[in-house]
Amino acid sequence: MPLPDGPAGALAGSLVGRRVLITRSADRARPLASLLSSLGAEPLVLPLIDFERATDQAALNAALDDLVAGAYDWLVISSITTLRMITEKAAQRGSTPAALIPAGTRVATIGPSSRQALEALGIPVALAPEDNQSAEGLVALWTAKRERVLLPQADIAAPGLREGLAAAGADVTSVIAYHTVDYPARAELRLAADLPPAVGRSTRAAPQELSPPQARRELDAGTIDAVVAASPSAARRIAATLLPLGRCRFIAIGRPTAAEAAARGIPVAATAKVPTPDGIAAALGAVFANEGNTR
C-alpha cells in the first residue's frame, strides 16, 4: 500500500524496539540504519546483491569518450551505482565526474538520492520526477524529442526506461554500466568508488551485519519485524534465500520492487512512496502503527 508523505518522526513511536533487516551492504545501508536507530529501532543488515564492473569495458569507454566529446544532448543517471561507475571512470582518467559532462549536455535522474549525489559532485540536474520517482515518472516528464541520450544502466535493468525514452522520440544509446551479482562481488571487480562525504554517509557506527544462517535463525524465531528490499533484484534474492518470512513484514522501496515481490508470492506490507530514508521509515512506521505497537 503506498503511503502518504510525512515526516518519519510523526510515526517514530511505532518504531521503538523494532528490528529491521536492510538487505544492502553496510555502506549502502548506513543512511537508513542511522535514521532508524535515531527513531528507536534496531537496524540489521544482510547484503544480498553487489555490483561488479561491466565486462565490456571497451563499449563503456567508447560511450564515455563520446559523452566527453559532446555527442549527447542528455545523460540519464538512473541509480547511485551508475554514478559510482562514472566516478571510478573519471578517476581513471585523472578527472572528475563533472568534467566528463560537457556544458551542453543536460543530466536527468530519477530518485532524490541520485539527485543529491549528482549535485554534491557539482553536476546540475535538469530533469527529475518529483511525485512518481521511477523510470515511468521520468518518461512521463520527457519532452526532449529527437535528442541524443546516453543511458548507462545495470545489465539486468528493465527495458522500460530505454523503451519509454525511445517511444518519446529520443535517440537512445544504452550501454551496460555495471553487473548486478549475488553478494559478495569478486574483490578485484567490485564497483566501490567513493561518493562525496555528504552522500551516503553517517557519523553513527555501522549497523550489525548478519550472515545468512543468522538471518534464517532470527526469522524462524520471529525476532525480525521487517525486511526492506530496495530493488527487484533484492526481492528476487529474498524469495530465493529467505522464505518463509514468517511474521516479518516485507517493505518495498518503489513499485517495481513491490511488483517483483508480489509476483514471487511475498506479501508486501507497504511500499515506500519516496525512496529516501524518511520515506522508508514512514512506511515502516505506518505498518506498525496500524498493527498496534506490540510485539
Side-chain angles (χ1 to χ4, degrees), residues 24-25 27-28 47-102 104-111 113-114 117-118 121 123 134-135 138-139 142 147-168 170-195 200 230-237 240 256-257 260:
R24 280 178 160 175
S25 58
D27 60 332
R28 290 179 169 90
L48 293 181
I49 61 172
D50 211 344
F51 307 99
E52 293 183 351
R53 298 180 188 93
T55 301
D56 191 348
Q57 287 289 301
L60 181 56
N61 286 329
L64 293 176
D65 288 342
D66 289 342
L67 173 67
V68 173
Y72 299 105
D73 301 297
W74 286 87
L75 170 65
V76 176
I77 302 292
S78 58
S79 72
I80 283 284
T81 309
T82 297
L83 190 53
R84 288 182 186 273
M85 176 278 294
I86 289 175
T87 300
E88 182 175 277
K89 284 295 185 183
Q92 290 172 1
R93 296 170 181 229
S95 185
T96 65
L100 297 185
I101 305 170
T105 300
R106 288 169 287 179
V107 175
T109 191
I110 291 175
S113 296
S114 297
L118 285 159
L121 288 166
I123 301 170
S134 66
L138 179 59
V139 170
W142 194 263
E147 293 198 336
R148 300 158 300 172
V149 176
L150 176 60
L151 177 62
Q153 287 187 296
D155 58 320
I156 61 170
L161 182 54
R162 181 184 72 248
E163 293 175 354
L165 294 176
D171 178 8
V172 182
T173 296
S174 180
V175 63
I176 293 175
Y178 58 90
H179 296 281
T180 303
V181 298
D182 292 347
Y183 186 89
R186 290 169 287 183
E188 69 276 13
L189 295 178
R190 187 170 191 261
L191 186 61
D194 285 335
L195 294 177
S231 64
S233 54
R236 288 191 289 271
R237 289 288 293 150
T257 303
E260 185 66 31

**Backbone of Trp74 reached by a side-chain donor or acceptor of Arg106 within 3.5 Å** = no
**Residues in salt bridge (charged side-chain N to carboxylate O under 4.0 Å, His left out) contact with Glu52, at least two apart in sequence or another chain** = Arg186
**Message:** Would you compute the distance between atom CZ of Phe51 and atom NE2 of His179 and round it to the nearest 0.5 angstrom?
**Reply:** 12.5 Å
**Prompt:** Would Leu60 and Arg53 count as a side-chain contact (heavy atoms from CB on, under 4.5 Å) if you check the C-alpha gap in whole Å, the side-chain angles of each, and the deciding distance to 0.1 Å?
**Reply:** CA-CA 10 Å; Leu60 181 56; Arg53 298 180 188 93; over 6 Å; no
**Prompt:** Considering only heavy atoms from C-beta outward, does the side chain of Glu88 approach that of Tyr178 to under 4.5 Å?
**Reply:** no
**Complete:** Nearest heavy-atom contact between Pro97 and Ala90 is N-CB, 3.5 Å
**Asked** What heavy-atom pair brings Val175 and Ala63 nearest, and what distance separates the two atoms?
**Response** CG1-CB, 4.2 Å
**Prompt:** Quick one: CG on Leu67 to NZ on Lys89, what's the gap to the nearest 0.5 Å?
**Reply:** 13.0 Å
**Request:** Identify which one of Leu121, Leu75, Ile86, Thr96 satisfies the side-chain contact (heavy atoms from CB on, under 4.5 Å) criterion when paired with Ile101.
**Result:** Leu75
**Message:** Do Leu150 and Asp66 have side chains that approach each other closer than 4.5 Å (heavy atoms only, starting at C-beta)?
**Reply:** no
**Nearest non-hydrogen partners of Gln153 and Ser174, listed with the distance** = OE1-OG, 4.2 Å
**Request:** Run the numbers on Arg93 and Asp65 for side-chain contact (heavy atoms from CB on, under 4.5 Å), then give the verdict.
**Result:** CA-CA 11 Å; Arg93 296 170 181 229; Asp65 288 342; 3.0 Å; yes
**Message:** Nearest 0.5 angstrom please: Leu100 CG to Ser95 OG, how far?
**Reply:** 5.0 Å
**Asked** How far apart are the closest heavy atoms of Leu138 and Ala108, and which atoms are they?
**Response** CD1-CB, 4.2 Å
**Asked** To the nearest 0.5 Å, what is the distance between CZ (Arg28) and CZ (Arg84)?
**Response** 4.5 Å
**Request:** Could you tell me the separation between the OG atom of Ser113 and the CD1 atom of Ile80, rounded to the nearest 0.5 Å?
**Result:** 5.5 Å
**Request:** Could you pull out the closest heavy-atom pair between Arg237 and Leu48, with the gap in Å?
**Result:** NE-O, 3.4 Å
**Basic-acidic side-chain contact under 4.0 Å: Arg148, Asp73** = yes
**Message:** Asp56: which residues meet the salt bridge (charged side-chain N to carboxylate O under 4.0 Å, His left out) condition with it, sequence neighbours left out?
**Reply:** none
**Fill in**
Nearest heavy-atom contact between Trp142 and Val149 is CZ2-CG2, 3.7 Å
**Request:** Please check if the side chain of Thr109 supplies one atom and the backbone of Ile77 the other of a donor-acceptor pair under 3.5 Å.
**Result:** yes
**Prompt:** Once you round to the nearest 0.5 Å, how far does CG of Leu195 lie from OG of Ser114?
**Reply:** 9.5 Å
**Prompt:** Pick one: which of Ile176, Leu83, Thr82 meets side-chain contact (heavy atoms from CB on, under 4.5 Å) with Pro152?
**Reply:** Thr82
**Prompt:** When Arg162 is tested against each of Thr173, Val139, Val172 for side-chain contact (heavy atoms from CB on, under 4.5 Å), which residue passes?
**Reply:** Val172
